[in-house]
Every structure is written in structure tokens, then in C-alpha cells.
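All values derive from a computational prediction rather than experimental measurement.
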There are 4 protein chains.
Amino acid sequence: MARLKSDEKRHAILAAATRVIAAHGLGAPTALIAKEAGISNGSLFTYFETKAELLNQLYIELKTEMGTAAFDAFPSENSPREQLRHVWTNWLHWAVTDPKKRRTLAHLSVSDEITAGSHQAAALAFGEIAALVDRCRSGGPMRTAPLSLVLTIMSGVADAAMDYMLRDPANADAHCETAFEAAWRMIE
Amino acid sequence: MARLKSDEKRHAILAAATRVIAAHGLGAPTALIAKEAGISNGSLFTYFETKAELLNQLYIELKTEMGTAAFDAFPSENSPREQLRHVWTNWLHWAVTDPKKRRTLAHLSVSDEITAGSHQAAALAFGEIAALVDRCRSGGPMRTAPLSLVLTIMSGVADAAMDYMLRDPANADAHCETAFEAAWRMIE
Amino acid sequence: MARLKSDEKRHAILAAATRVIAAHGLGAPTALIAKEAGISNGSLFTYFETKAELLNQLYIELKTEMGTAAFDAFPSENSPREQLRHVWTNWLHWAVTDPKKRRTLAHLSVSDEITAGSHQAAALAFGEIAALVDRCRSGGPMRTAPLSLVLTIMSGVADAAMDYMLRDPANADAHCETAFEAAWRMIE
Amino acid sequence: MARLKSDEKRHAILAAATRVIAAHGLGAPTALIAKEAGISNGSLFTYFETKAELLNQLYIELKTEMGTAAFDAFPSENSPREQLRHVWTNWLHWAVTDPKKRRTLAHLSVSDEITAGSHQAAALAFGEIAALVDRCRSGGPMRTAPLSLVLTIMSGVADAAMDYMLRDPANADAHCETAFEAAWRMIE
DNA sequence: GATGAATGAGTATTCATTCAT
DNA sequence: AATGAATGAATACTCATTCAT
């Protein structure tokens with residue numbers, strides 16, 4: 001019970017941080033995040049020891065959520081191409097559906113406050129995507145490149161496409177598809 | 001006459017800012033930048049009215065330098081593919097040659113302090129790359145996609161590759177080549 | 001509950017500001033005021049959002065105190081002349097009793113930081129004096145002049161007398177009396 | 001010749017300071033005063049060693065000018081009353097004619113930067129007024145009060161009246177007259 | 001636990017004054 | 001003498017974090 005309450009507030013803080021950071025950047029005061037979360041500034045620090053800790057947790061949370069969203073309704077029976085397309089579409093649309101999360105994640109991804117450990121923890125959530133990409137590229141031109149390089153490049157394309165979709169949401173679907181075809185051509 | 005505002009000093013500040021921001025992020029104190037540039041903290045503000053102004057100038061400078069570097073020794077006589085490969089290689093190696101510039105530019109690119117005007121000014125330096133990419137994609141599968149989308153995606157790949165090259169500089173050349181081939185496949 | 005913003009501390013700051021400004025003028029550093037008040041420099045800003053805010057509050061406080069002091073032990077039964085003499089004496093002696101308050105108020109009265117609102121708020125404290133002066137001048141030569149002009153002039157005389165009393169405190173009582181008789185002659 | 005040029009610039013600076021201080025208060029940057037005077041910021045200090053020096057000179061200059069203005073077209077033949085009325089009218093109208101000078105003088109009069117020496121130097125310019133007032137009060141109720149007290153109080157009335165006239169310039173003449181009659185009643 | 005006042009190090013910017021040209 | 005860049009001390013205000021209640 002007590003635990004439940006804690007988790008509730010923890011998430012309230014994380015959600016508030018997402019909103020506030022999207023609007024004010026990483027320099028957003030913890031006091032503002034606390035107020036947005038409906039708690040006192042002091043209380044924030046019983047849930048996260050430091051601001052850096054909060055930022056790291058938020059990074060892991062958002063990245064994990066993005067990775068998880070990508071596998072929503074995963075079509076196990078389909079071809080690898082269709083599977084990747086499905087994952088790709090989920091992935092990119094997550095950004096358009098919740099631009100604040102995407103924006104905050106963009107801020108966090110580039111921050112010096114995020115530790116190597118957090119980056120690793122977040123990478124875990126992309127293990128399945130990694131495996132899928134590995135399967136997809138196995139017969140193609142990038143079959144001998146380091147998988148991590150392939151993944152880095154795919155993420156680069158995805159990030160770029162997200163930005164573009166956010167700038168022109170009306171045609172988001174088309175851009176998403178264009179980007180997928182381009183990405184697919186890289187590996188197959 | 002009195003001492004004239006020297007371009008030399010201006011560049012010393014910009015160079016110092018590049019180093020300091022690479023190390024400390026955008027939160028780096030102006031006083032530290034000034035000291036690194038060998039001038040007094042007050043003097044910095046005779047060259048840049050405001051920290052934000054300095055950041056914007058630095059952004060434009062670095063981005064322009066990157067764009068210019070890409071066209072170094074441009075092989076006008078070669079095929080589009082070879083031209084793009086040349087540009088691509090210059091481009092990505094600029095990041096490896098001067099990792100601090102790349103790192104600082106990454107910080108700046110994501111900052112809220114950089115105005116739309118600065119982004120536009122910087123985009124100018126990429127006009128030739130845009131034209132080249134446009135030529136290269138003209139017969140390929142992305143011929144009907146918005147050029148800006150194609151460019152955004154290409155930049156995404158380039159950025160991702162730079163990051164990877166920086167993490168594994170020993171094989172930077174190979175990664176650069178792998179990335180180029182992947183990028184080429186997207187458009188041709 | 002946490003520690004509550006204490007009125008005690010608020011007044012400590014105001015009192016410290018009075019002392020420090022009397023000595024250093026309006027340019028007195030907030031840090032010095034804070035130290036004099038026995039709090040940290042940051043704490044000052046939990047009680048007053050801004051230095052200007054502190055100055056305005058102090059102005060209202062001092063002016064109100066001065067107006068209130070003038071009506072101390074007010075002899076309701078006496079003649080208007082005796083009432084005014086009583087008020088006048090209280091008024092002028094307030095300055096001599098607490099020269100720092102008078103000095104600080106002189107600084108504040110002339111400052112651009114004091115808003116029209118603060119001037120109005122402070123004027124409230126002089127409503128009774130205004131009424132009394134109005135009664136006193138009603139049968140005399142200034143009966144048709146704008147009351148506000150009469151009050152302005154009376155204040156001018158009072159201010160001048162205060163200054164003089166401060167320069168020669170040994171004969172303050174006599175000077176106060178001389179000034180009162182002069183002021184009385186103006187209106188009756 | 002060289003001397004003339006100097007004097008010209010000296011006065012340009014003093015005039016600029018009057019304007020700038022009227023608008024921005026005593027905190028006005030010397031650089032702004034210099035620009036307004038049409039010289040470089042550095043040059044200002046060849047005419048006045050320090051800002052405080054400039055302020056003191058300006059104080060003396062303005063106060064002297066005010067005192068001198070009061071005796072303009074002095075009617076030597078008239079009665080003391082008419083003489084005082086003439087001086088009084090000149091005096092108060094100086095403020096209305098050139099509100100910036102009056103405003104700046106008000107700022108300076110209250111400043112800690114003005115030395116006792118400057119106050120004395122300025123007082124010199126009021127010697128004639130003092131003598132006139134002395135003559136006027138010689139047969140009246142303030143004949144035994146310290147002359148300096150009488151003068152202080154008269155100045156207080158004058159200052160108050162100036163302020164009022166500045167707030168209601170349309171009726172400045174009437175207010176000036178009202179104030180004179182009041183002042184006269186004090187001494188005669 | 002929760003609250004929010006208290007703390008004080010940290011920072012961009014200003015400005016009188018100096019000095020190289 | 002004039003210029004205006006250089007200097008660096010000075011200062012209001014912010015904010016992560018602590019701690020008394």
C-alpha cells in the first residue's frame with residue numbers, strides 16, 4: 001500500500017518532469033517539476049536523491065517505453081520485412097503521438113548527466129529490435145558490418161524521420177513509410 | 001585611434017568556447033571561456049553581447065566550417081557517386097579530426113538558445129551538399145520524396161556514423177565507408 | 001509542516017535594510033542587508049522577491065510608521081492648534097529619535113524604484129494629518145488653495161526642519177517649535 | 001583656443017549629464033553621458049577625474065545657476081517684499097522652465113557622493129538670497145531664529161512648491177504665488 | 001513521510017576606470 | 001588630446017539540496 005502510493009508519486013514526478021523538460025529544457029528547476037507533480041519541492045528528493053538521478057531514471061523510462069511501444073501488437077507470423085515495418089511504424093509514431101516525450105528524450109540523450117550505466121540499461125529495451133534487425137540484415141549487404149553500427153545508423157534514420165514527422169505531422173505517415181523503405185534498402 | 005576589436009581575439013573566444021563547451025557542456029561559465037581565451041571575463045562581452053549570442057555565432061561558425069570542409073578538394077570531374085563519396089568522407093572525418101568541434105556542435109544543435117535565424121544561416125552552408133544529394137537521388141527510389149526529408153535522413157545517417165567513428169576511431173575509415181554505402185543504397 | 005515564513009525575520013530584514021541603507025545608500029548590496037539581518041543572502045529573496053520589492057515595502061513601512069507616530073497620544077479634546085502642534089512635534093521628533101529611519105526614508109522618497117502604488121499606499125497613512133491640516137487652514141488665508149498644495153508645502157517645511165534638527169540636535173526642540181510657529185502662520 | 005575647446009566640451013558633458021541623469025538617475029553610466037555629449041567614454045575622464053567629481057561639479061553648476069537665475073532682473077529699487085517676490089518667482093520658475101535641471105539637482109542634492117565642500121560652494125550662490133531673506137525677516141516673528149534655519153525652511157517651501165508646480169504646470173503661476181504668500185507670512 | 005523555508009555556491013552581466021594606439 | 005577596447009571587481013538573483021517542524 002505504502003509502496004503503491006510511492007510508485008504513484010514517483011510516476012507523477014516522472015510525468016511532470018517530461019512535461020516540464022519538454023517546455024524548459026534540462027535546466028528546468030526541480031521546484032517546478034515538483035509543483036507540476038503536485039508535491040513539495042523537498043519531497044521530490046525522497047523519490048530521487050538528486051536531479052541527475054531523476055534525469056537518469058527518466059531517460060531509462062522513456063527509452064524503455066519507446067522500445068516497448070515498438071513491439072506493440074508484434075506480428076510474429078509475418079515476414080521479417082513486415083515485422084520490421086511494423087516495429088518501425090510503432091517506433092516512429094510513438095514520437096508523433098507524444099511529442100513531449102520525444103522532445104524530452106532528445107534533450108536527455110545528449111546530456112552529460114546520463115551515465116554509461118543508464119545508456120546500457122536503456123539499450124536493454126532495444127534488444128529485441130536489435131535481434132530483429134540482425135535477422136533482417138543477415139542476407140544483405142550489411143551482413144558483415146558490426147551489428148552495433150547497423151543499429152546506430154538505423155536509429156539515426158529513425159531519429160531524423162521523427163524530427164521530420166514532427167515538423168510536418170500532416171504527412172507523418174508518408175514520411176514514416178519513405179524512411180522505412182530507405183532504411184530497408186540499406187540492409188536488404 | 002584605440003585598440004581595435006580584433007578578429008583574432010574573436011576567434012580565440014570562439015575556439016576557447018569550443019574547447020570548454022566540449023568539456024563542460026552548454027552550462028560552461030563565460031568566465032571559464034574567457035580565461036581559456038586569455039582575456040578578462042568582461043572583455044568577452046565586448047565581442048559577444050550575450051552568452052546566447054556567443055553560442056549562436058559559434059553554432060553558425062562550426063556548422064559552416066563543417067559544410068565547407070566537406071567540399072574540400074571537390075572532384076568536379078568525377079561521377080556523382082564519387083563526388084558524394086568524397087563529400088561524405090570529408091564530412092565524417094571532420095568530426096573525427098576535431099572531436100571537440102563535433103561534440104560542441106552536437107550540444108549546440110539541440111539547444112533552445114539557437115535561434116531560427118541561426119539555423120537558417122547555418123543551413124546556407126549546406127546548400128551545395130543539398131544540390132549534390134539532389135543530383136544523386138534524381139534517378140533513384142527517393143526521387144519523388146521531399147528533398148528536405150532526404151537530406152534530413154542523410155544527415156541522420158552521417159551523425160550516427162560520426163558517433164560510431166568517435167567511439168571506435170581505429171576503424172573509422174571502414175565505418176565511414178560502410179555508412180556511405182548504406183546511404184548510397186537509400187537513394188540509388 | 002515546515003518552518004513558516006516568520007514575520008520576525010521579515011522585520012529583521014526591514015530593520016537591517018534601514019540601517020544599511022542609511023549608511024550606504026540605496027546601492028547597498030542585498031548580501032550586506034542579509035548578513036546584517038542574520039540570514040543567508042538567498043533567504044532575503046524568500047521574503048522579498050526582488051530588491052525593488054524590498055525597497056518599496058520598506059518605504060511603505062517607514063512612511064506609515066512616521067504617520068502613525070505623529071498621532072501618538074493624540075489630544076482629541078484640544079483646540080486644532082494644539083492638536084496640530086502635538087502632531088507636528090511627534091512627527092519631527094520621530095526623525096530625530098531615529099535618524100537612520102529618516103535618512104533611509106529620504107533616500108527612498110527620491111528613488112525611481114518606488115512605484116506610484118507604493119506612494120499611494122504610503123499616502124494613506126497621512127490621511128488623518130491631511131484632515132487635521134484641512135481643519136486648521138479652513139479659516140485662514142490658504143482656505144481656498146488646493147489642499148494637496150498646502151500639504152505639500154507643510155511637508156516641505158517639516159522636512160527642512162527635520163534636516164536642521166538633525167544637524168543641531170542639541171536645540172532640536174527649539175527648532176521644532178520655531179518651525180511649527182512658522183507653519184502655523186502660513187495657514188492661520 | 002585650446003582652453004576654449006576644453007570648456008566647450010566640459011559644458012557639453014555637464015549638459016549631457018543633466019539630461020541623462022534626469023532620465024536614468026544617478027546610476028546612469030558614464031559611457032551613456034559621454035555618448036550623449038558626443039565624445040568617447042574615455043575622454044570623459046580627461047575632463048572629470050572620476051564620476052563623483054563630475055557629479056559634484058554638476059551639483060555646484062546647477063545650484064549656482066539656480067541661485068543666479070533668481071536674481072535675474074533684480075529690482076533694486078523696490079520694497080523688500082517685492083524684491084523677495086521677484087527672486088522667489090524667478091527661483092521657482094527656473095524649475096518649471098527646465099525640469100530636467102531641477103530633477104537632476106533633486107537627485108544630486110540627496111546623494112552621498114556630494115561632498116561637504118560642494119555643498120558649501122553651492123551655498124555661496126545663495127548668499128544674496130540669504131541677505132535678502134535676512135532683511136525681510138528682520139522685523140518679523142523669525143527675527144531671532146538662526147538665519148540658517150529660516151533659509152532652510154524657506155528652501156523647503158520652495159522645493160515643495162516646485163514639485164507641485166511640476167505636477168500641475170498649467171497652474172504653476174498661481175501655485176508659485178500661493179507659496180510666496182505663505183512663505184512671506186512665515187517671516188513677516 | 002511530507003513540507004517549504006533556509007542555505008550559499010554559482011553566474012551572467014555591468015561599469016568606472018585605465019591604457020595602448 | 002582623443003579613442004574605445006580591456007579590465008575585473010561588484011551584484012542581484014537562482015536553484016539543488018538540506019533540515020527543522
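- Distances shown here put every side-chain N or O of B/Ser40 at or beyond 4.0 Å from the OP1 or OP2 atom of F/dA6.
- The distance from atom CG of D/Leu32 to atom P of E/dC15 is 9 Å, rounded to the nearest whole Å.
- Note: CG (A/Leu44) to C1' (F/dT18) measures 14 Å, nearest angstrom.
- Put simply, CD1 on C/Ile13 is 13 Å from C1' on E/dT7, counting in whole angstrom units.
- Residue B/Thr46 has its side chain nearest to F/dT7 when only F/dG4, F/dT7, F/dC13 are considered.
- Side-chain atoms of A/Ser111 come within 3.5 Å of backbone N or O of A/Glu113 as a donor-acceptor pair.
- C/Leu108 pairs in a side chain to side chain contact (heavy atoms under 4.5 Å, CB included) with only one of the listed residues (C/Thr18, C/Leu55, C/Ile60), which is C/Leu55.
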Identify each donor-acceptor pair in which a side-chain atom of residues 31-40 of chain A lies under 3.5 Å from a protein atom, sequence neighbours left out, and give them as a table.
from, atom 1, to, atom 2, distance (Å)
A/Glu36, OE2, A/Arg19, NH1, 2.4
A/Ser40, OG, A/Ser43, N, 3.3
A/Ser40, OG, A/Ser43, OG, 3.2

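- When heavy atoms are screened at a 4.0 angstrom cut-off, D/Ala28 is found touching the sugar-phosphate backbone but no base atom.
- Between C/Gly27 and B/Gly38, the residue whose closest nucleotide on DNA chain F is further toward the 5' end is B/Gly38.
- The phosphate of F/dA2 has OP1 or OP2 within less than 4.0 Å of a side-chain N or O from D/Lys9.
- Using modelled atom types, one finds no donor on one side chain facing an acceptor on the other under 3.5 Å when comparing A/Glu61 with A/Gln57.
- Using a cut-off of 4.0 Å between Lys/Arg side-chain N and Asp/Glu carboxylate O, C/Asp159 and C/Arg102 are scored as salt-bridged.
- Distances shown here put a side-chain N or O of B/Thr50 below 4.0 Å from the OP1 or OP2 atom of E/dT13.
- With B/Tyr47 as the fixed residue, the side chain to side chain contact (heavy atoms under 4.5 Å, CB included) test singles out one of B/Glu53, B/Lys9, B/His11: B/Lys9.
- Note that the CZ atom of D/Phe45 and the CD1 atom of D/Ile13 stand 9.5 Å from one another [nearest 0.5 Å].
- Regarding B/Arg10, its CZ atom lies at a distance of 13 Å from the P atom of F/dA6, rounded to whole Å.
- At the heavy-atom level, D/Ser43 lies under 4.0 Å from base atoms of the strands shown.
- No engagement by A/Ala52 is indicated, since no non-hydrogen atom pair under 4.0 Å with the nucleic acid exists.
- B/Glu8 has its CD atom 16 Å from the P atom of F/dA5, to the nearest Å.
- Between the NE2 atom of A/His24 and the P atom of F/dT14 there is a distance of 14 Å, rounded to whole Å.
- If you check F/dA9, E/dG4, E/dT11 against the side chain of B/Asn41, the one that comes closest is F/dA9.
- Distance C/Phe45 CZ to E/dT11 C1': 14 Å, rounded to the nearest Å.
- Both key distances under 3.5 Å define a Watson-Crick or G-U pair, and stretches of 3 or more such consecutive pairs in DNA chain F run E:2-21 with F:2-21.
- In this structure, B/Leu26 atom CG and E/dT11 atom P are separated by 14 Å, rounded to whole Å.
- No donor-acceptor pair under 3.5 Å is formed between the side chain of C/Asp112 and the backbone N or O of D/His24.
- For F/dA2, one of the phosphate oxygens OP1 or OP2 lies less than 4.0 angstrom from a side-chain nitrogen or oxygen of D/Tyr47.
- With E/dT13, F/dT14, F/dT7 as the choices, the nucleotide that has an atom nearest any side-chain atom of B/Lys51 turns out to be E/dT13.
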